[in-house]
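Here is the structure we will look at.
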Amino acid sequence: MGTSLFFTICVLHSTIAITFGSSIMFYLNEISVLGHGIETSQKLLGSTPNDQLLIQISFSFAGLLLFMVGFLVFMVAFVKDRDFQSFFAKGCVFLHVSMAIWRVYFERKLEDLAWHWPKQMIGDFMLALSWVFFLVYTWREKYD
């Protein structure tokens, strides 16, 4: 059961990463408006044509990175080694919690993002919680 739970969580996280990565690469303006609102997204996308181009390229690479991470997580979903699954899940918990901490310490200080970081932080904790659920389930399964 633990292996199928690992597979399910990996596919879920992979789908999320691939979807958002692709959306960021190809629909940056729409995703920015959806996530931050019209006024904030216009500020975040730059004021001069040169700034806009640099920001768009930066976001495209970030989207490509997120897409590739999703693809790698999909490949990891097929690993059957329980020790690796546990190690991977602990790493994912650390990554999501670190991202939430980064949002608290840095994103909240940005005036334009001050109202958006709490909901993103909740999302980070929810993603981390899915891996914690997996770790608790496999720990319980191992010691029962």
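Everything numeric in this text was worked out from a predicted model, so none of it was measured.
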How far does [atom1] of [X] sit from [atom2] of [Y], to the nearest 0.5 angstrom?
X: Thr138; Y: Phe133; atom1: OG1; atom2: CZ; value: 10.0 Å
X: His13; Y: Ile16; atom1: NE2; atom2: CD1; value: 6.0 Å
X: Phe59; Y: Leu64; atom1: CZ; atom2: CG; value: 14.5 Å
X: Leu66; Y: Phe71; atom1: CG; atom2: CZ; value: 14.5 Å
X: Leu129; Y: His96; atom1: CG; atom2: NE2; value: 11.0 Å
X: Met99; Y: Met121; atom1: CE; atom2: CE; value: 12.0 Å

Legend entry - Remaining members of the apolar cluster that contains Phe94, side-chain heavy atoms under 4.5 Å: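 Under the 4.5 Å side-chain rule, Phe94 groups with nothing.
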Partners passing side-chain contact (heavy atoms from CB on, under 4.5 Å) against [X] (at least two apart in sequence or in another chain):
X: Asp81; result: Val79, Asp83, Phe84
X: Val97; result: Val93, Ile101, Phe125, Ala128
X: Leu95; result: none

Name the atoms and distances for all side-chain donor-acceptor pairs under 3.5 Å in residues 17-28, with sequence neighbours left out.
residue, atom, partner, partner atom, Å
Thr19, OG1, Thr15, O, 2.7
Ser22, OG, Ile18, O, 2.9
Ser23, OG, Thr19, O, 2.8

Legend entry - Aromatic plane relationship, Phe6 with Phe88 - under 30° parallel, 30 to 60° tilted, over 60° perpendicular: perpendicular
Legend entry - Pairs involving residues 23-39, ordered by first then second residue, that meet salt bridge (Lys or Arg N to Asp or Glu O under 4.0 Å) (sequence neighbours left out):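 For residues 23-39, and leaving out neighbouring residues, the salt bridge (Lys or Arg N to Asp or Glu O under 4.0 Å) pairs sorted by first residue read Glu39-Lys43.
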Inset, instruction - Please collect all salt bridge (Lys or Arg N to Asp or Glu O under 4.0 Å) contacts where either partner lies in residues 10-25, sequence neighbours excluded, each pair once. - result: none
Inset, instruction - Verify the cluster assignment for Val136 and Ile9: are they in a single hydrophobic cluster under the rule of side-chain heavy atoms below 4.5 Å apart? - result: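 Cluster IDs for Val136 and Ile9 match.
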Inset, instruction - Verify the cluster assignment for Val33 and Ile55: are they in a single hydrophobic cluster under the rule of side-chain heavy atoms below 4.5 Å apart? - result: no
Legend entry - Pairs where residues 56-77 contributes a residue and the test side-chain hydrogen bond (donor to acceptor under 3.5 Å, both in side chains) is met, not counting sequence neighbours: none
Legend entry - Heavy-atom neighbours of Met126 CE exceed 12 at 6.0 Å: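 No.
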Could you list the residues that satisfy side chain to side chain donor-acceptor pair (under 3.5 Å) with [X], not counting sequence neighbours?
X: Asp51; result: Thr48
X: Ser14; result: none
X: Gln120; result: Arg103

Inset, instruction - Indicate yes or no: at least one non-hydrogen side-chain atom of Leu65 is less than 4.5 angstrom from one of Phe61. - result: no
Inset, instruction - Please tell me if the side chains of Ser98 and Trp102 come closer than 4.5 Å, counting only heavy atoms from C-beta onward. - result: no
Inset, instruction - Sequence neighbours left out, what passes ring pair (Phe, Tyr, Trp, His ring centres under 6.0 Å) with Phe78? Give chain and number order. - result: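 Testing Phe78 for ring pair (Phe, Tyr, Trp, His ring centres under 6.0 Å), a comparison that skips the adjacent residues, returns Phe7, Phe74.
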Inset, instruction - List the steps, then state whether side chain to side chain contact (heavy atoms under 4.5 Å, CB included) holds for Trp131 with Cys10. - result: CA-CA 9 Å; Trp131 290 111; Cys10 282; 3.5 Å; yes
